[in-house]
Structure formats: C-alpha cells, structure tokens
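Everything numeric in this text was worked out from a predicted model, so none of it was measured.
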Amino acid sequence: MVSAPQTDIVPDSERHGLIGALPAAARPYASLIRLDRPIGAWLLFWPGAWSVALAGMGERGWALIAWLALGAWAMRGAGCVYNDIIDRKLDSKVERTRLRPLASGRVSLTGAWALLLALCLVGLLVLAQLHSLTILVALLSLLLVAAYPFMKRITWWPQVWLGLVFSWAALVGWAEVRHELFGVNAMDVLVVLNPWNDGIWQSRVPYQMSWEPLLLYLGSVFWVIGYDTIYALQDKEDDALVGVRSSALALGRHARAGVAVCYLLALLLWGLAFRQVRIEWFALLALLPMALHLIGQVATLKPDDAADALAKFRSNRVAGLLMFAACWVVGTA
C-alpha cells in the first residue's frame with residue numbers, strides 16, 4: 001500500500017507560484033536552490049556589475065554583465081545546496097529552516113550533490129568566457145566559499161565572511177574589464193610563477209597599485225555585513241537556542257547602530273573608489289541615491305519585527321541597482 005504524502009513537511013512555497021508550477025518531482029530541488037527567492041542571486045550579482053561599470057564597461061560591456069548574472073545565479077544556487085548539505089542537521093532544529101528539502105528528507109544527500117555538480121558545470125561555462133587572470137581571481141573565491149558554512153559555529157561574525165564571499169565579484173569584474181587587478185596583469189602572474197626566474201618579479205617598472213577595485217570590494221563587504229545583520233534579526237531566538245552565532249546576536253540591542261556603522265563605512269570606501277576614477281568632487285553626488293536608500297533602511301528598521309527585517313533585507317536589491325547607476329555614471333562619463 002502506498003502511504004499518503006507527508007504534506008506537513010512540504011512548505012507553502014512549493015504549492016504555489018513559480019515552484020508550484022513545476023512537476024512535483026522537481027519542486028524540492030527548485031526549493032534547494034531557492035528558485036522562488038532570487039534575492040540572493042541579485043545580491044551576489046551586483047558587486048560584479050558595479051565593478052564592470054566603474055571600470056568603464058570594457059569591450060563586451062552588457063554581454064559581460066549578462067555572463068556574470070548567469071554565474072551569480074548558478075553560484076548562488078550552488079552555495080545554497082552546499083550550505084544545506086553542511087547544515088542539514090542544524091536546519092532541522094530551526095523553525096524557519098526545518099522544511100528545507102534536505103532537513104526534511106525530501107531530497108537525498110546524493111541528489112543534492114548531483115545538483116551541486118550540475119550548477120558548478122554552469123559556473124565552469126561562465127569561467128570559459130573570461131580571461132586567464134579573471135579565471136584565477138574567480139577560482140580563489142572557492143576557498144572562502146568552502147569555509148563559509150562553518151563560520152557560524154566558530155565566530156559571532158559569520159556575516160564578515162559572507163561579505164568576503166558575496167563581494168568577490170567586484171574583483172572579478174574589474175579584472176575582466178581592465179585585464180589587471182591591483183596593478184598586476186596576467187603576464188606578471190606568469191613571471192612570478194615561473195620557476196626559472198629565481199623568484200624575482202620581473203614586472204613592468206614602475207609598479208603602480210590600482211586602488212579602485214580594492215576600495216569597491218571592501219565597501220561591498222561592509223554593505224553585506226550590514227544587510228545580512230538585518231537578515232539575521234529574523235532568527236535571533238532560534239539561533240540562540242541551537243547555538244548558532246550571528247552579528248545580530250553579537251550586537252544585541254545595538255544592532256541598528258551596528259548596521260548604520262557598516263553602511264557608513266561602505267559609503268566612505270565607495271566614495272574613495274569613485275575619487276580614484278574621477279577626481280572631480282561632484283562625482284560623489286552619484287552616491288547620493290544609494291546613501292539616502294541606506295539611511296532610510298536604518299532609520300525605519302524595527303529590530304524586533306521579523307517581517308520588517310526581511311523587507312529591509314530584500315530592499316537591497318534596489319540598493320544594488322542604485323549603486324550600479326552610480327558606478328556607470330562615474331565609470332563611463
């Protein structure tokens with residue numbers, strides 16, 4: 001006799017909307033990559049688009065941005081699968097995450113690994129479109145990605161690590177447009193790695209550091225820490241019960257002030273990046289819409305209201321668009 005389906009472990013998101021329109025067998029896998037919640041892909045995508053725009057768009061411009069968008073979608077999905085594989089036992093103890101496909105047993109561990117591999121192959125397709133230096137820069141991010149799920153177990157600030165991961169595309173985009181990063185190009189890397197050069201860096205002279213991508217990247221890191229602290233406000237009680245650490249718990253009643261400091265540092269670093277590209281002071285005016293948006297987030301944030309925290313977190317999709325417009329104006333004017 002066939003047992004009745006366990007409808008109590010199927011979230012509402014799989015019964016309606018985009019995922020609900022898929023065949024029943026595909027729905028848990030779509031949930032595993034958060035197909036109905038694209039906000040994560042947007043947030044991973046924006047720093048790469050910013051750097052392409054601030055670097056002047058380059059020869060491929062919008063086509064490159066499209067490839068980065070595909071890569072962001074695939075890698076965000078892969079990150080969700082990998083995170084859920086590592087956290088499957090922990091997720092089953094948290095109310096908000098207990099219905100995730102792996103935590104509830106609706107997707108097998110083997111199926112999850114197969115989906116992860118498929119998404120990585122999409123990422124490999126994107127990598128094949130990039131220059132050698134950019135490929136190297138992109139691959140270095142895997143070290144950070146692999147360690148991220150464990151950070152919430154060993155530090156009160158896993159949001160810092162997430163910032164390092166989610167901002168990495170800012171370095172990738174710049175390297176692809178300018179064919180250099182921090183003043184180092186692909187030929188420099190080959191010279192350094194050449195075992196016959198006696199360890200001497202025979203680079204062009206004089207070497208000149210390019211600060212723009214670093215400042216853009218670090219600004220993005222603080223932006224991520226800010227918005228992910230807002231996101232973590234939803235889970236304060238559950239996280240405290242199961243022993244998960246977060247910046248929201250670390251900051252306690254000072255969470256709003258902590259987010260404000262992060263956003264302020266982000267704006268400061270982005271302003272310095274803009275000054276590296278355009279020395280005119282009025283170039284900083286391009287940041288004004290983004291600044292007003294972030295100020296609005298902090299001013300109206302309700303730290304004890306989970307629904308408000310989620311809405312503020314999701315509004316960073318619009319923030320990313322405002323920052324892209326600012327980078328495009330400064331980088332292409």
Side-chain angles (χ1 to χ4, degrees), residues 13 17-19 30-31 33-54 62 64-80 83 96 126 148 159 162-170 172-173 216-217 219-235 247-248 255-256 259-260 262-267 269-270 286-303 305-331:
S13 61
L18 178 60
I19 294 181
S31 290
I33 64 171
R34 318 293 196 267
L35 187 64
D36 59 329
R37 285 176 284 170
I39 179 63
W42 278 110
L43 296 176
L44 185 60
F45 159 73
W46 279 127
W50 299 345
S51 63
V52 172
L54 192 62
W62 295 107
L64 173 58
I65 287 176
W67 280 112
L68 292 178
L70 177 61
W73 174 82
M75 289 300 96
R76 188 263 183 159
C80 289
N83 188 76
R96 187 177 61 83
V126 175
Y148 170 68
Q159 282 69 27
L162 184 71
L164 298 175
V165 173
F166 261 56
S167 302
W168 198 264
V172 173
L216 185 67
Y217 172 73
S220 180
V221 170
F222 281 107
W223 177 58
V224 175
I225 297 171
Y227 73 59
D228 203 54
T229 297
I230 293 175
Y231 185 78
L233 290 172
Q234 301 174 89
D235 299 326
S247 56
R256 186 204 300 271
V259 173
C262 288
Y263 282 170
L264 179 62
L265 289 172
L267 291 167
L269 289 161
W270 289 335
L287 272 176
L288 184 58
M290 178 61 157
L292 292 175
H293 182 93
L294 296 182
I295 290 170
Q297 280 189 42
V298 173
T300 60
L301 178 63
K302 301 173 184 176
D305 185 336
D308 180 72
L310 181 59
K312 294 297 190 303
F313 166 75
R314 287 177 172 170
S315 74
N316 281 283
R317 174 170 46 196
V318 176
L321 178 60
L322 295 175
M323 182 62 180
F324 174 77
C327 290
W328 186 82
V329 168
V330 173

Looking at Asp308 and Leu301, would you say the former's side chain and the latter's main chain have a donor-acceptor pair under 3.5 Å?
no

Quick one: does Ile65's side chain get under 4.5 Å of Phe324's, heavy atoms only?
yes

Does the side chain of Phe222 come within less than 4.5 Å of Tyr227's, by heavy atoms?
no

When rounded to the nearest 0.5 Å, the distance separating CH2 of Trp270 from CE of Met323 is 5.0 Å

Of all heavy-atom pairs between Val298 and Ala260, which one has the smallest distance, and what is that distance?
CG1-CB, 3.9 Å

Answer with yes or no whether the side chains of Asn316 and Trp223 bring together a donor and an acceptor at under 3.5 Å.
yes

Is the backbone of Gly296 close enough, under 3.5 Å, to the side chain of Thr300 for a donor and an acceptor to pair up by distance?
yes

Main-chain N/O of Leu164 paired to Ser167 side chain as donor or acceptor, under 3.5 Å
no

Give the minimum heavy-atom separation between Arg317 and Trp42, together with the two atoms involved.
CD-CD1, 3.4 Å

Exercise: identify the closest heavy-atom pair between Leu44 and Ala169
O-CB, 4.0 Å

Which heavy atom of Cys80 sits nearest a heavy atom of Ile33, and at what distance?
CB-CA, 4.4 Å

Verdict with supporting geometry, Ile19 and Ser31, side chain to side chain contact (heavy atoms under 4.5 Å, CB included):
CA-CA 7 Å; Ile19 294 181; Ser31 290; 3.7 Å; yes

Return all side-chain donor-acceptor pairs below 3.5 angstrom for residues 68-76, not counting sequence neighbours, or 'none' if the list is empty.
unit_1 : atom_1 : unit_2 : atom_2 : d
Arg76  : NH1    : Arg34  : O      : 3.2
Arg76  : NH1    : Arg37  : O      : 2.8
Arg76  : NH2    : Arg37  : O      : 3.0

Quick check: are there more than 12 heavy atoms from other residues, nucleotides or ligands sitting under 6.0 Å from CZ of Arg256?
yes

Mind listing the side-chain donor-acceptor pairs of residues 286-295 below 3.5 Å, one per line with the distance, residues two or more places apart or on another chain?
unit_1 : atom_1 : unit_2 : atom_2 : d
His293 : NE2    : Gln297 : NE2    : 3.3
His293 : NE2    : Ser315 : O      : 3.2

Looking at every non-hydrogen atom in both residues, tell me the closest pair between Ala309 and Ile230 and how far apart they are.
O-CG2, 3.2 Å

Do Trp328 and Trp50 have ring centroids that are under 6.0 Å from one another?
no

What are the two closest non-hydrogen atoms of Ser51 and Gly173, and how far apart are they?
OG-CA, 3.2 Å

Using the six-membered ring wherever Trp is involved, compare the ring planes of Phe313 and Tyr231 and label them parallel, tilted or perpendicular (cut-offs 30° and 60°).
tilted

Look up atom CH2 in Trp168 and atom OG in Ser220, then write down how far apart they are to the nearest 0.5 Å.
12.0 Å

